[in-house]
Number of protein chains: 2
Amino acid sequence: MSKESRVGIADVAARAGVSITTVSHVLSGRRPVSDRTKAKVLQVVDDLGYRPDPSARGLRTGRSQAVALVVSDVTNPFYPLMAAGLQEVLQPEGFLISVCVAQGTTQDLDSVVRHLIDRRVDGIVMAALSAEERHFADITAAGASLVRLSGDLDPRFGDIVRADDTGGMADMVAHLLDRGYRRIGLVNGDLNTPPGRLRLAGYRRAFREFGLEVDESLVTSGPFTRSGGALGARALLDLDEPPRALVCGNDLMAVGALDAVREKGLSVPGDVAVTGYDDIEASSLLSPGLTTVHNPAFEIGRACARIFLDRLAGEASDGGVREVVLPQKLIIREST
Amino acid sequence: MSKESRVGIADVAARAGVSITTVSHVLSGRRPVSDRTKAKVLQVVDDLGYRPDPSARGLRTGRSQAVALVVSDVTNPFYPLMAAGLQEVLQPEGFLISVCVAQGTTQDLDSVVRHLIDRRVDGIVMAALSAEERHFADITAAGASLVRLSGDLDPRFGDIVRADDTGGMADMVAHLLDRGYRRIGLVNGDLNTPPGRLRLAGYRRAFREFGLEVDESLVTSGPFTRSGGALGARALLDLDEPPRALVCGNDLMAVGALDAVREKGLSVPGDVAVTGYDDIEASSLLSPGLTTVHNPAFEIGRACARIFLDRLAGEASDGGVREVVLPQKLIIREST
DNA sequence: CTGTTAGCGCTTTCAC
DNA sequence: GTGAAAGCGCTAACAG
């Protein structure tokens with residue numbers, strides 16, 4: 001049923017009439033090989049269906065040809081998409097992509113990170129909220145490449161790939177300003193988080209670019225949850241002169257805002273426009289469909305992958321770290 | 001910054017004053033070791049923080065201590081949850097869990113499966129829709145354990161872990177019958193798929209258990225999509241004597257059914273009750289919240305994990321294959 | 001441009 | 001109950 005045993009590099013060498021070394025170098029390209037020999041070897045590799053054993057290679061090189069994506073929130077559909085982006089780029093290069101879940105506590109994350117380091121993964125995308133500096137330091141100290149999805153650039157803590165939250169939110173608010181809205185409330189999430197801060201900055205930026213002042217009484221913030229959104233929205237709708245549009249920190253908050261609007265007997269977008277952020281699946285399933293900003297999860301995954309490839313190629317590269325910022329896309333549906 | 005080199009089995013052996021062999025056996029338990037020696041070794045292992053190198057072990061044993069979950073639809077939140085279940089059980093045992101995406105074509109799946117086999121993963125949970133018998137056969141032939149999430153039991157194709165779709169749907173319909181509904185329409189998905197068939201069977205079973213006849217004119221089926229649901233719902237609502245409840249094949253179809261009900265100017269659940277299936281995130285975010293059936297994704301993951309553990313322990317176990325069927329849970333919200 | 005050879009860190013006969 | 005030693009399949013000095 002299966003092949004007799006398994007074809008190894010020695011089989012290829014024998015059949016191609018060259019040494020094992022040569023086969024190895026044809027495959028790795030780490031030293032020049034005559035075109036004729038190279039062609040012959042590749043031919044045999046193909047005929048025999050030879051694929052190098054990752055364990056053996058790993059044992060020799062100390063690398064595993066594997067990268068991991070560490071997440072804390074399994075239910076966030078952002079991550080699977082990102083994993084798909086990683087895989088699209090990395091799998092053809094022979095990498096295995098693992099998605100590791102570190103729910104809740106920092107201890108979980110400790111053990112996940114340790115496990116990954118023990119396995120000598122070549123790269124880690126750290127997307128777990130509970131990640132701390134010591135995790136970053138451990139990872140880079142172990143020689144693995146690290147990519148984070150937010151935070152400040154620090155040479156000890158690897159590269160960063162993130163979406164342009166500020167730009168995305170600015171686009172959203174500009175979209176409303178374009179449509180003539182002026183009293184635009186911000187139902188923002190937690191300002192202690194990077195997204196909270198960056199999205200607020202985008203809100204301000206849009207007004208500035210339109211030469212308008214921000215009415216600070218229309219700016220609220222709270223937890224990034226449905227009830228957080230309802231709370232913020234209620235506060236704004238109860239004002240003497242309520243806003244005509246509610247820009248929310250994320251889609252969940254927008255759902256809460258919709259709840260609040262409905263409570264007041266108002267209609268969307270007739271009486272008040274509502275916008276979300278993230279473009280979770282539900283945002284297209286609600287009625288009215290939620291105008292929101294799409295986070296380019298897939299593209300972020302690909303960008304992370306490319307960073308890994310660069311890092312692994314240019315061994316011991318420059319000490320510098322990079323930040324890649326990807327644009328976000330406005331998705332206009334019926335809620336505005 | 002990092003430890004000097006890395007602690008290997010030889011370091012442990014030296015410090016414990018025993019041979020490498022003994023350390024290995026203490027760790028694997030594959031041959032008796034005196035309690036005294038064992039304690040000493042374990043002590044040193046702990047002191048030194050020794051963790052065996054997976055590559056070296058893999059090279060020797062031909063196993064990788066890794067299992068993979070292969071999916072085709074990245075956006076389905078079911079899979080990440082399942083992955084979390086797998087990981088909860090397998091990570092403490094030292095396994096790495098990889099989630100592999102095989103979007104679309106069968107060729108993608110071919111290459112993913114080949115990659116996984118090349119890497120000698122110990123087990124694969126095949127959740128990709130495009131999977132065919134040849135993939136199953138390749139996997140088992142390569143010596144990896146296979147778990148599928150649906151289909152018929154076949155000794156060549158590994159074990160099956162699945163949710164009890166029939167029971168779940170029967171519970172759902174019984175819930176409506178309990179509430180006095182009698183004209184209950186079924187807006188089912190594709191009958192060429194296992195879920196389509198099983199859920200239809202559940203619908204019938206509930207009526208049978210209540211001693212009632214199924215009105216075949218109230219049974220429709222179509223694609224498992226929002227528009228499929230709208231189509232089926234419209235057809236039923238246009239009947240001379242329309243049903244008072246619409247039981248849908250999945251949550252997406254239920255969203256379509258809600259669209260259709262709204263079009264007709266009817267209210268939910270006042271005029272007509274609507275139910276979904278799967279409990280996707282959106283079902284709690286809609287208004288009214290969707291009554292649905294929750295698929296125990298996490299538990300399914302754990303069940304798969306346990307199967308792997310069994311298979312890997314009892315080497316060359318009985319030729320028999322197992323089917324594990326897990327109960328589903330009715331989630332009652334506002335739509336009924 | 002090509003080949004010989006010494007291990008990478010572990011498991012597992014085989015021997016005591 | 002314990003050890004010595006032979007590799008697993010590959011890469012990378014080191015030599016031509």
Side-chain angles (χ1 to χ4, degrees), chain A residues 3-42 44-45 48-66 94 117-120 122 143 312 315, chain B residues 3-42 44-45 48-66 94 117-120 122 143 312 315:
Chain A
K3 316 259 185 294
E4 44 187 86
S5 140
R6 193 187 154 96
V7 15
I9 198 171
D11 302 311
V12 176
R15 185 97 108 82
V18 298
S19 73
I20 296 184
T21 310
T22 298
V23 175
S24 175
H25 284 113
V26 166
L27 262 28
S28 69
R30 297 183 81 78
R31 97 178 178 190
V33 178
S34 79
D35 287 349
R36 202 168 130 41
T37 316
K38 190 184 299 185
K40 177 67 182 162
V41 169
L42 289 175
V44 174
V45 163
L48 264 41
Y50 165 72
R51 247 77 43 73
D53 182 320
S55 290
R57 177 177 279 179
L59 180 55
R60 245 338 284 237
T61 62
R63 310 249 245 65
S64 58
Q65 295 266 100
I117 289 176
D118 287 349
R119 291 202 82 111
R120 294 188 148 82
D122 300 323
L312 298 178
E315 343 212 15
Chain B
K3 316 257 186 293
E4 46 187 83
S5 146
R6 193 187 154 95
V7 17
I9 198 172
D11 302 313
V12 176
R15 185 95 108 84
V18 297
S19 73
I20 292 183
T21 310
T22 298
V23 175
S24 175
H25 284 114
V26 167
L27 262 27
S28 69
R30 296 182 83 77
R31 94 178 181 189
V33 177
S34 78
D35 287 348
R36 202 167 130 41
T37 315
K38 189 182 299 185
K40 177 67 182 158
V41 168
L42 289 175
V44 173
V45 162
L48 264 41
Y50 167 72
R51 248 79 42 73
D53 182 319
S55 289
R57 179 177 277 179
L59 180 55
R60 258 324 294 230
T61 62
R63 310 250 243 66
S64 58
Q65 295 268 97
I117 289 176
D118 289 348
R119 290 202 83 112
R120 294 188 146 83
D122 299 323
L312 297 178
E315 342 213 14

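Proteins get letters first, then strands, A, B, ... in listed order; numbering begins at 1 in each. All values reported here derive from a predicted model rather than from experimental measurement.
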5' precedence on DNA chain D between B:Ala56 and B:Lys38 (nearest-nucleotide basis): B:Lys38
On the nucleotide [N], are OP1 or OP2 found under 4.0 Å from the side-chain N or O atoms that [X] carries?
{"X": "A:Thr22", "N": "C:dG3", "result": "yes"}
{"X": "B:Ser34", "N": "D:dT2", "result": "yes"}
{"X": "B:Ser19", "N": "D:dT2", "result": "no"}

For the pair made of [atom1] in [X] and [atom2] in [N], what is the distance, rounded to whole Å?
{"X": "B:Arg120", "N": "D:dC8", "atom1": "CZ", "atom2": "P", "value": "12 Å"}
{"X": "A:Asp11", "N": "D:dC8", "atom1": "CG", "atom2": "P", "value": "12 Å"}
{"X": "A:His25", "N": "D:dA12", "atom1": "NE2", "atom2": "C1'", "value": "6 Å"}
{"X": "A:Lys40", "N": "C:dT2", "atom1": "NZ", "atom2": "P", "value": "14 Å"}
{"X": "B:Leu27", "N": "C:dT12", "atom1": "CG", "atom2": "P", "value": "12 Å"}
{"X": "B:Ile9", "N": "C:dT12", "atom1": "CD1", "atom2": "P", "value": "11 Å"}
{"X": "A:Tyr50", "N": "D:dG9", "atom1": "OH", "atom2": "C1'", "value": "7 Å"}
{"X": "A:Gln65", "N": "D:dG9", "atom1": "CD", "atom2": "P", "value": "18 Å"}

Should the side chain of [X] and the base of [N] be counted as holding a donor-acceptor pair, with the cut-off at 3.5 Å?
{"X": "A:Arg57", "N": "D:dG9", "value": "no"}
{"X": "A:Arg60", "N": "C:dG7", "value": "yes"}
{"X": "B:Arg30", "N": "D:dG1", "value": "no"}
{"X": "A:Arg31", "N": "C:dT2", "value": "yes"}
{"X": "B:Thr21", "N": "D:dA4", "value": "yes"}

Give [X] one of three labels, base, sugar-phosphate or nothing, depending on what nucleic acid heavy atoms sit under 4.0 Å from its own.
{"X": "A:Thr37", "value": "sugar-phosphate"}
{"X": "A:Ser55", "value": "nothing"}
{"X": "B:Ser24", "value": "base"}

Heavy-atom side-chain proximity of B:Arg15 to B:Leu48 below 4.5 angstrom: yes
Close side-chain approach of A:Lys40 to A:Val26, heavy-atom, < 4.5 Å: no
Residue among B:Arg60, B:Arg120, B:Arg119 satisfying salt bridge (charged side-chain N to carboxylate O under 4.0 Å, His left out) with A:Asp53: B:Arg120
Shortest non-hydrogen contact from B:Leu27 toward B:Tyr50: CD2-CE2, 3.6 Å
Test item: A:Ser24 side-chain N/O and A:Ile20 main-chain N/O as donor-acceptor pair under 3.5 Å: no
Nearest-nucleotide pick for B:Asp53, side chain only, options being D:dC10, C:dG9, D:dG3: C:dG9
Side-chain donor-acceptor contact under 3.5 Å, B:Ser19 with B:Thr22: yes
Pairwise 5' ranking along DNA chain C for A:Ile20 and B:Leu59, keeping only the more 5' one: A:Ile20
